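Since the model is a prediction, treat every value here as computed from it, not as a measurement. We name chains A, B, ... by the order of the sequence lines, and we start the count at 1 in each one.
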2 protein chains.
Amino acid sequence: MKSADKHNKIIRAATKVFAKKGFFNARISDIAKEAKVADGTIYLYFNNKFDILLTVFEQEIGKLVDQIKALLAEEDDPRRMIEIFIAKHLQEMKKNKNLAEVIQIELRQTNKLVRDYRNNRFSEYINIISTIIKQGQDKNVFRQDILPGIAKRAIFGALDEIARIWNLDLVSEYSMDETVQQVINIFLLGILNEPGRQYRLKVKPSRVNPRKKPEFP
Amino acid sequence: MKSADKHNKIIRAATKVFAKKGFFNARISDIAKEAKVADGTIYLYFNNKFDILLTVFEQEIGKLVDQIKALLAEEDDPRRMIEIFIAKHLQEMKKNKNLAEVIQIELRQTNKLVRDYRNNRFSEYINIISTIIKQGQDKNVFRQDILPGIAKRAIFGALDEIARIWNLDLVSEYSMDETVQQVINIFLLGILNEPGRQYRLKVKPSRVNPRKKPEFP
DNA sequence: TTCATATTAATGAATAATCATTCAGTAACC
DNA sequence: GGTTACTGAATGATTATTCATTAATATGAA
């Protein structure tokens, strides 16, 4: 019987190797060696190299989804929920750089080739953000003119870019906490000083409660 | 004399091919064919495949830097400057999907391997954002507690993620303008409704005017 | 329990492609 | 006739994947 144990060992090895060398430069033999397994063994557990990447990705994102959902279940203030999401995502990426790297790779390299190849836990992940925003709008805590489908991309993109920089291992002088606070700060309050009183956007937000419109994909 | 013309032809071809297939799946012969040139000719103009990617990247980003700087030169309200940056970046990525794709690729795949290989016009590019923010802080238009080095990453990341989605060519129901407004809106004002009056961040911004601290790399 | 056989898992060397790069030769131009 | 630009077939390296072989484990009859 093919053991779940070995399956896991391969996944862990692959995560490590992909993170270090990137998908295209990772050799199957690297993964095999890292997993202390023969090259051929890998093909008993996975169809091909892509399959490994996708499995790693889905599985790791899945864990994140579960964790964050659990955290959020205990909170019902949308403002805090956004804080929790941001903090948790960044903490996780700081802790698990391999995962951060694999997300980067998967999102830009493979997607294009093997799109919608299987169910997408990643969509589920970022839709957590838009769901929180919608809740906040229902409670009138968030601005009604924010489009949740765009906001979710902006927030995820910001987090992902910060994680990318961490992975370049240039030394940063900012602490984790400081960074988390900043990002929360920017997204909740914006960068403008006393926005309501001093400044009108060049183009005013036009639609209110645009829930009818389909989401930004 | 090796013609600048041919050099350009190769660059244009390479941009197209990289965008379509990604760096690792692009063959030199694809680029050669697209440029209507022999495979070997490419090596008269570039050292190797990486060199082509880097050249494409630096050159295209360089153009963007020049354009945006020109636009900004005519404006001195930092709020408008941020608007201009966001709008221009998104417009450009929408117009030139190949470029958007090459940015995605270069930032995640190569960086790791060939870091600091040559001068970085990309840094120059995103430092435009932090410079604007600093100016805004000097004029007391932007909140003093924003760290420009983190804000620049958040803003660029958001824009980049949106461009990524556009490149997946899933149909989006949002117009360019709508998206631009939203993003400006989010970053200037935040998503919170009447932020000053209703909500205190869980953790308050601590330092004021942290200009002394080194920037987020 | 013991041993023979069957079934399943694992191995890693061999295969078969794939391309980046080179370079001997040709063309274009001065 | 000499210099420079260009060509594209040949080279040589690399590696995902396969598969014949071996090891491990299960089964069950005596």
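- Distance NE2 (B/H7) to P (D/dC6): 12 Å, rounded to an integer number of Å.
- Proximity note for B/R27 (side chain, C-beta onward) versus C/dA10, C/dC19, D/dT17: the nearest is C/dC19.
- Because its NZ or CZ atom is not both nearer than 6.0 Å to the ring centre of A/Y45 and within 45° of the ring axis, A/K6 does not count as a cation-pi partner of that residue.
- Here B/Y125 pairs with B/F85, B/H89 under the ring pair (Phe, Tyr, Trp, His ring centres under 6.0 Å) rule; sequence neighbours left out.
- Aromatic ring centres of B/F156 and B/F122 lie closer together than 6.0 Å.
- A residue-by-residue look at A/A26 and A/T41 shows that A/A26 has its nearest nucleotide of DNA chain D further toward the 5' end.
- In terms of phosphate contacts, B/Y43 brings no side-chain nitrogen or oxygen within less than 4.0 Å of OP1 or OP2 of D/dC6.
- Taking 4.0 angstrom as the limit, A/K6 places none of its side-chain polar atoms (N or O) nearer than this to OP1 or OP2 of C/dA9.
- In this structure, B/F187 has its ring center under 6.0 Å from that of A/F187.
- Formation of a donor-acceptor pair under 3.5 Å by the A/N167 side chain with backbone atoms of A/K97 is found in this model.
- The side chain of B/L44 lies closest to D/dA5, out of C/dT11, D/dA5, C/dA20.
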Find every protein N or O atom lying less than 3.5 Å from an N or O atom of nucleotides 9-11 of chain D, and list the pairs.
none

Q.
Test side-chain contact (heavy atoms from CB on, under 4.5 Å) on B/L72 and B/K88; report intermediate values, then the result.
A. CA-CA 10 Å; B/L72 291 176; B/K88 179 68 182 174; over 6 Å; no
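- Nucleotide D/dC6 holds its P atom 12 Å from the CZ atom of B/F46, rounded to whole Å.
- For B/Y45, the listed nucleotide lying nearest its side chain is D/dA5; candidates were D/dT7, C/dT21, D/dA5.
- Comparing atom distances between the A/A38 side chain and each of C/dT21, D/dC6, C/dT11 picks out C/dT11 as nearest.
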